Amino acid sequence: MYEGPVQDLIDELGRLPGIGPKSAQRIAFHLLAAEPADVTRLQEVLQRVKEGVRFCDVCGNVSEEERCRICRDARRDPTVVCVVEEPKDVLAVERTREFKGRYHVLGGALDPLSGVGPDQLRIRELLARIGSEDVREVILATDPNTEGEATATYLVRMLRDFPGLSVTRLASGLPMGGDLEFADELTLGRALSGRRAV
Amino acid sequence: MSLYRDTGVVLRVQKLGEADRIITLLTRRHGKVRAVAKGVRRTTSRFGARLEPFGHVDVQFHTGRTLDVVTQVQTLDAFGAGLVGDYSRYTAACAVLETADRLTLDEGEPALRLYLLVVGALRALSGRERDPSLVLDAFLLRAMAFAGWAPALAECARCGLPGPHGSFSVPAGGSVCAGCRPAGSARPAGETLRLLDALLHGDWETAEAVGQPARREGSGLVAAHLQWHMERQLRSLPLVERRAAATGGRRPVEHAATGDRTPSADMV
């Protein structure tokens, strides 16, 4: 145990995800040895992120204003909405530079084992949005795991009654750079059923 | 290096660090096992989707200091693929997994009967032939019977007087006779108690002939009985989607998540 503030800092850092006691100690001593200006900058950024960042009223992505950068951008296609679980998934899709539509962030996936049901996600907001805006296609980009697939199934059921709306799911199959031999049966099965003519 | 191999059902997964997961399995010979699957969240992981919840797998573990480490996995039954395409089946299967997890408190203590019951329940749920709500209630009743908490249905839970009796008391442990009936006991329909008895003993013909009101009442009693004995709420149980049997059983697969569609665009 260290004295006073140093131990407090180690304890606080240790509460962060993925940071164990050793890492917390290493970061604490790094901060102790760092230039005061660097620490002040970190302090300001932490404060700004807590005070200044909010969630977009339309899509639920992190934003500095009422509506996020993507929802404000008039060049983005408002007729296509990509539904993702977390704000970090928006960034992942944006990195592809393939998608020019808008997003809807659910805030997680349906996971009854953790007590997350439809009411805990932004599903009602999605349905209201599709009802009021001119959305023609919804792309379900939830994670390709059990919870993400179940969420997609649930959304399909909720969305299929909207007239003229097409609902699509991200394709799934083999990752680039992998070996066929090590592919699991489920993934390889998906890759086979979703094969395309070349 | 100490290796061992077993078959098991994946009950739960938790994130660990950047790309690892802690996998909780109910195994045939070693009971509940918690093990680390390294790098499983990476897209290039050699475990891939095998260690997702509902997976029935053949696993090789390496004994670790605190947690064992998964070294190899092969799928025996990918129940998840059949379950995620139907939300009510998925929620029922989640309740099966959570109950199995809660009923096996000690890791490493064999629970063969519960393991076989879980595999049977997941097979029935992913098979899409029976009403998921009935399968779940049958599982819960039988799992409680293994734990020693089977509700008394054919006799009085207090004095043992042969029944059937018209009252049901969760604290007393099942149906109770008029003489033993504690205040606040439920008065379920006779059909409901017959349904529970049929589910407990695997009499599907009788169970499936029972109407919706009795099924709903039966589900309520089973849930109350289970949570009373577990002394805690199950998180997944209130989220189980219980639909009418007419739509709950044999609906066609409507979704690409089941992987049986061929177009490349995967239009839903």
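Please read these numbers as outputs of a predicted model, since none were measured by experiment. Here is the naming used below: chain letters follow the sequence lines, and residue numbers restart at 1 for every chain. Quick note: numbers below take in every heavy atom, side chains included, and nothing from hydrogens, waters or symmetry partners.
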| said: Heavy-atom cut-off 4.5 Å, strictly under: side chain, backbone, both or neither for B/Leu234 against chain A? | reply: neither

| query | Looking at OG1 of A/Thr151 and OH of B/Tyr90, how far apart are the two atoms once the value is rounded to the nearest 0.5 Å? | reply | 6.5 Å

| task | Count the heavy atoms belonging to other residues, nucleotides or ligands that lie under 6.0 Å from CZ of A/Arg72, then report whether that count exceeds 12. | result | yes

| said: Can you confirm whether A/Arg54 is buried at CZ, in the sense that more than 12 heavy atoms of other residues, nucleotides or ligands lie under 6.0 Å from that atom? | reply: yes

| Residue part contacting chain B, namely of A/Thr187, when any heavy atom lies under 4.5 Å | side chain

| query | Nearest 0.5 Å, what's the CD-CD distance between A/Glu149 and B/Glu52? | reply | 9.5 Å

| Can you tell me if A/Thr153 uses its side chain to pair, donor with acceptor, with the backbone of B/Tyr87 under 3.5 Å? | no

| said: Around atom CZ of A/Arg122, are there more than 12 heavy atoms from other residues, nucleotides or ligands closer than 6.0 Å? | reply: yes

| field | Interatomic spacing from CG in A/Asn145 to CG in B/Leu51 - rounded to 0.5 Å | value | 12.5 Å

| remark: Interface check, chain B: of A/Gly148, A/Ser114, A/Gly18, most non-hydrogen pairs under 4.5 Å belong to A/Ser114

| field | Validation row: A/Glu147, B/Pro53 side chains within 4.5 angstrom (heavy atoms) | value | yes

| task | Please look at B/Phe54 and chain A and tell me whether the side chain, the backbone, both or neither of the residue comes under 4.5 angstrom of a heavy atom of that chain. | result | side chain

| field | Per-residue contact mode, A/Leu192 against chain B (heavy atom under 4.5 angstrom) | value | neither

| Does CD belonging to B/Gln74 count more than 12 external heavy atoms closer than 6.0 Å? | no

| note | Honestly, the part of B/Ala49 sitting under 4.5 Å from a heavy atom of chain A is both

| query | Which atom pair, heavy atoms only, marks the closest approach of A/Leu113 to B/Arg235? | reply | O-NE, 3.5 Å

| Would you find more than 12 non-hydrogen atoms of other residues, nucleotides or ligands less than 6.0 Å from B/Gln60 atom CD? | yes

